[in-house]
Amino acid sequence: MDIKELLAAAVVRAAAAAMDEGILPKAELPEVLLETPPEKSFGDYATNFAMQAARSLKANPRKIAEAVIARLEMPWLDRAQIAGPGFINFYLKQEWLYALLQEILDQGEVYGNTTAGQRQKVQVEFVSANPTGPLHVGHGRGAAFGSALANLMQAAGYDVQKEFYINDAGNQIDNLAASVEARYLELLGQAVTFPEDGYHGKDIVETAQRIIDNAGSRYLMMSPADRREVFKQIALDEKLLALREDLESFGVTFDEWFSERSLFEDDAVAAACRQLREKGHAYDKDGAFWLRSTDFGDDKDRVIIRDNGIPTYFASDIAYHDNKFRRGFETVINIWGADHHGYIPRMKAAVAALGYDPARLEVLVLQMVSLYQGGELVKMSKRTGQGVTLTELIEEVGRDAARYFFIMRSLDSQLDFDLDLAKSHSNDNPVYYVQYAHARIASIFRQMAEAGIVFDSGAKAELCRLSTPFEQDLIRKLGDYPEEVFAAARDRAPHRIARFAHELAGLFHSFYNGCRVLGVEPELTMARLALVAATQRVLKHALSILGVDAPEKM
RNA sequence: GUCCCAGUAGCUCAGGGGAUAGAGCAACGGACUUCUAAUCCGUUGGUCGGGGGUUCGACUCCCUCCUGGGACGCCA
């Protein structure tokens, strides 16, 4: 039962009937949109249909509304009223709420999942940090968001695959190798000049030290080129393992770790270049190989292969995206930092040049994260003097708070992360507020069991005993959940789920203060247990989308 | 100079053609003999950055300007 669909269909039927009777002129009708009115006195649902239809029907909105209302037929409808400039407000019978709750209970743990995605294959690629150092807080935002988006789209019925793209080819990784080599030589007492673009982190020194611990000085004898090749692999393996562990402890896992280097080994880069040339979308100029991206809306053409024969990162990105679409993903979602946004037009151009609809590539751009403590901007880690790492952040505020804070804001807002608030185990902290609601419900069930009461979630309780506004508001909110999941997935906006969970927790806390579950008449206890069980399930469902624990106790 | 994001309550942010613009925090005042007070109830708090336009209706769409952040490489 989707009450909005039922109401919309009833409106359409009523309008059609009025047109048949000649009361309204025949014309194309606008879509009937149902919304929750801003005030309870305006009913349970409302539509602006009459005002929207006024245009095409060339009629007075209130007259249209009147004609529709007179012909409305709907099982749960108590009455409908014209309001304001032409809104139709629907007032539903109370039985509707009880039927709604019963349906939520019947659906069990899958309540909230929708089939909107129709099992469409979607890939979400995120984090994809260079394996040259630890993750910082910006990666944390991408990681929390990406994993939540994947969970969300899965709940909305998409077939989602999570991928991490490993930048294991090119300059950065050569610099990594050269940096390790320099530290290695340094530790063995050799005079070295550190590479200009080298990595100065202490993790590089540690890697060099581990090489010495394992193999001593024997790489001194090796040719520099061979030595760097060996160090490259050692460093890469170490860094990738560290990345994987850091992300796992943040609740983020991937289905696929895709190697950039493999694109060269499989000749995919060369193949993509050949294809672009054959299609006439790429050409040689000034010794370099160019994509004619201006044909696809980019500002200027872009170099794929430099005049020194070395491919740019764009070359692997082209091959990579070709590979993604060849794997059969209907939609490919990339989550990038704001500093890469200028790269979007050329990437879309490349996708179009390869012959794919560029709309199938969605690039979500996340804005910067700033940490605040004591009202001051935190730029550097106190410990290392470098940027604050994700691991340090998790140690500081905990995994759940970190995830929740990253997700609760819309992506395109710059995020001010309040460390004090995230750390506080108090009512100020939104993540605990939501978790506490879940824990409180768990506590009720514990108390219930101690009191020897048996609750069967499959049994039909006398739900009509749920008569207070506390209870009814809660049911209404629970009823909104599937649509919220759908809309959040459509908008790629997991923060809506965080917001919903917070609002639901608020309604529950009010209910909790206003109504007792245990120690009232048995029938009422049973009805309230049913309500509370449904609330707990929805809270858990929402929290699991966010990747935040739903604790039994706090 | 061009492009992207943002500008909404003291602070952090939702909302995205419709009814009286919302939430959290902060401030102030209340509620524990009762399932967890990490909670609840109430009060205070707004020229939705400025100016034009489109519309029956604009915080929302268009134009323009201002402010803050970011991007504009044969770097990644």
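The chains referred to below are lettered A, B, ... by the order of the sequence lines, with proteins before strands, and numbering in each begins at 1.
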Touch check for Asn89(A), heavy atoms < 4.0 angstrom, all strands: base, sugar-phosphate only, or nothing?
base
Taking the same atom, P, in C3(B) and in C25(B), what whole-Å distance lies between them?
41 Å
Atom CD1 of Ile304(A) to atom C1' of C74(B): distance rounded to whole Å?
12 Å
Under 3.5 Å, is there any donor-acceptor pair linking the side chain of Asn48(A) to the base of A19(B)?
no
Quick one: which of C13(B), A37(B), C5(B) gets closest to the side chain of Gln367(A)?
C5(B)
Can you figure out which of C35(B), C4(B), G16(B) approaches the side chain of Arg496(A) most closely?
G16(B)
G45(B) to A23(B) separation - C1' atoms, rounded to the nearest Å
14 Å
Centroid separation Phe145(A) to Phe126(A) less than 6.0 Å
no
Rounded to whole Å, CG of Asp418(A) lies from C1' of C25(B) at a distance of 9 Å
Do we see a donor-acceptor contact under 3.5 Å between the side chains of Asn167(A) and Gln172(A)?
no
From the options C74(B), C13(B), A76(B), select the nucleotide whose nearest atom is closest to the side chain of Val303(A).
C74(B)
Between P of C25(B) and CG of Asp416(A), the distance in whole Å:
18 Å
If you look at every strand shown and take non-hydrogen atoms under 4.0 Å, does Asp307(A) touch a base, only sugar-phosphate, or nothing?
base
Does a side-chain N or O from Ser410(A) land closer than 4.0 Å to OP1 or OP2 of C13(B), or not?
no
For Arg446(A) and for Ala169(A), locate the closest nucleotide of RNA chain B by heavy-atom distance; then report the residue assigned to the nucleotide nearer the 5' terminus.
Arg446(A)
Complementary nucleotide of G1(B), counting Watson-Crick and G-U pairs under 3.5 Å
C72(B)
Rounded to the Å, how far apart are His495(A) NE2 and G22(B) C1'?
13 Å
Checking side-chain contact (heavy atoms from CB on, under 4.5 Å) against Phe500(A), which of Asp480(A), Leu539(A), Ile545(A) comes through?
Asp480(A)
Closest to side chain of Asp339(A), choosing from A19(B), A37(B), G70(B)
G70(B)
Start at the 5' end of RNA chain B and walk down; is the nucleotide closest to Tyr512(A) or to Pro37(A) reached first?
Pro37(A)
Proximity to the side chain of Arg440(A) - top-ranked nucleotide from A37(B), G15(B), G68(B)
A37(B)
So if I take every side-chain heavy atom of Gln414(A) and compare against G69(B), A19(B), C74(B), which nucleotide ends up nearest?
G69(B)
Would you classify Ala288(A) as touching base, sugar-phosphate or nothing, given that sugar-phosphate means primed atoms plus P, OP1 and OP2, and contacts are heavy atoms under 4.0 Å?
base
For Tyr283(A) and Asp301(A), test the side chains for any donor-to-acceptor distance below 3.5 angstrom and give the result as yes or no.
yes
Taking any strand in view, what nucleotide pairs with A58(B) in a Watson-Crick or G-U wobble way, both distances under 3.5 Å?
none
For A19(B), is there a stacking contact with Phe87(A), counting only centres under 5.5 Å and planes under 30°?
yes
Span that lies between the P atom of G52(B) and that of C48(B), in whole angstrom
13 Å
Give Ala46(A) one of three labels, base, sugar-phosphate or nothing, depending on what nucleic acid heavy atoms sit under 4.0 Å from its own.
base
What integer number of Å spans the C1' atoms of C32(B) and C41(B)?
14 Å
Please check if the number of heavy atoms outside Glu483(A) that lie under 6.0 Å from its CD is greater than 12.
no
Give a yes/no answer on whether the side chain of Tyr433(A) brings an N or O atom under 4.0 Å of OP1 or OP2 in C40(B).
yes
Which part of the nucleic acid does His509(A) contact within heavy-atom distance under 4.0 Å: base, sugar-phosphate only, or nothing?
sugar-phosphate
Test: Arg440(A) cationic atom under 6.0 Å from Phe508(A) six-membered ring centre, within 45° of axis
no
Can you tell me which residue among Arg465(A), Arg528(A), Arg476(A) is in a side-chain hydrogen bond (donor to acceptor under 3.5 Å, both in side chains) with Glu471(A)?
Arg528(A)
NA contact type, Ala437(A), heavy-atom cut-off 4.0 Å: base, sugar-phosphate, or nothing?
nothing
What is the distance from CE of Met368(A) to C1' of G69(B), rounded to the nearest Å?
7 Å
Rounded to whole angstrom, note down the P distance from G16(B) over to G22(B).
14 Å
Going by purine N1 to pyrimidine N3 plus the second Watson-Crick contact, or the G-U wobble pair, all under 3.5 Å, which nucleotide sits opposite C48(B)?
none
Just to be sure I understand the rule, does Glu503(A) reach a base, reach only the sugar-phosphate, or reach nothing, if contact means heavy atoms closer than 4.0 Å?
nothing
Find the partner of U67(B): check Watson-Crick (N1-N3 plus N6-O4 or O6-N4) and G-U wobble (N1-O2, O6-N3) distances, both under 3.5 Å, and reply none if neither fits.
A6(B)
Nearest to the side chain of Tyr313(A), heavy atoms from C-beta on, is which of C40(B), A38(B), A76(B)?
A76(B)
Tell me what Gln172(A) touches on the nucleic acid: a base, only sugar-phosphate, or nothing, going by heavy atoms under 4.0 Å.
sugar-phosphate
Base, sugar-phosphate or nothing for Asp286(A)? Non-hydrogen atoms, less than 4.0 Å.
base
So, is Arg499(A) close to the G24(B) phosphate, meaning a side-chain N or O under 4.0 Å from OP1 or OP2?
no
In whole Å, what is the span from the CD1 atom of Ile344(A) to the P atom of C5(B)?
9 Å
Between C74(B) (P) and Leu291(A) (CG): distance, integer Å
13 Å
Nearest whole Å is fine: how far is A14(B) C1' from Leu504(A) CG?
17 Å
Which listed nucleotide (G70(B), C74(B), A23(B)) is nearest to the side chain of Trp290(A)?
C74(B)
When all nucleic acid strands are considered with a 4.0 Å heavy-atom cut-off, which category describes Glu450(A): base, sugar-phosphate, or nothing?
nothing
With the six-membered base ring of A76(B) as reference, does the ring of His340(A) sit under 5.5 Å away with planes under 30° apart?
yes
Need the pair for A27(B). Rule: Watson-Crick or G-U wobble, both distances under 3.5 Å, any strand; none if unpaired.
U43(B)
Please work out if Ala439(A) contacts a base, only the sugar-phosphate, or nothing of the nucleic acid, heavy-atom cut-off 4.0 Å.
base
Contact class for Tyr343(A) vs. all strands (heavy atom < 4.0 Å): base, sugar-phosphate, or nothing?
base
Ignoring backbone atoms, establish whether Thr312(A) has a side-chain N or O less than 4.0 Å from OP1 or OP2 of A76(B).
no
Using the side-chain contact (heavy atoms from CB on, under 4.5 Å) rule, pick out the option among Leu34(A), Leu33(A), Leu29(A) that qualifies with Phe49(A).
Leu29(A)
Rounding to the closest angstrom, what is the interatomic distance between A76(B) and C61(B) at atom C1'?
38 Å
Are Phe87(A) and Phe42(A) close enough that their ring centres sit under 6.0 Å apart?
no
Looking only at atom C1', what distance separates A14(B) and A37(B), rounded to whole Å?
27 Å
Indicate, with a heavy-atom threshold strictly under 4.0 Å, whether Ser413(A) touches base, sugar-phosphate, or nothing.
sugar-phosphate
Nearest-angstrom distance, P atom, A27(B) to C11(B):
15 Å
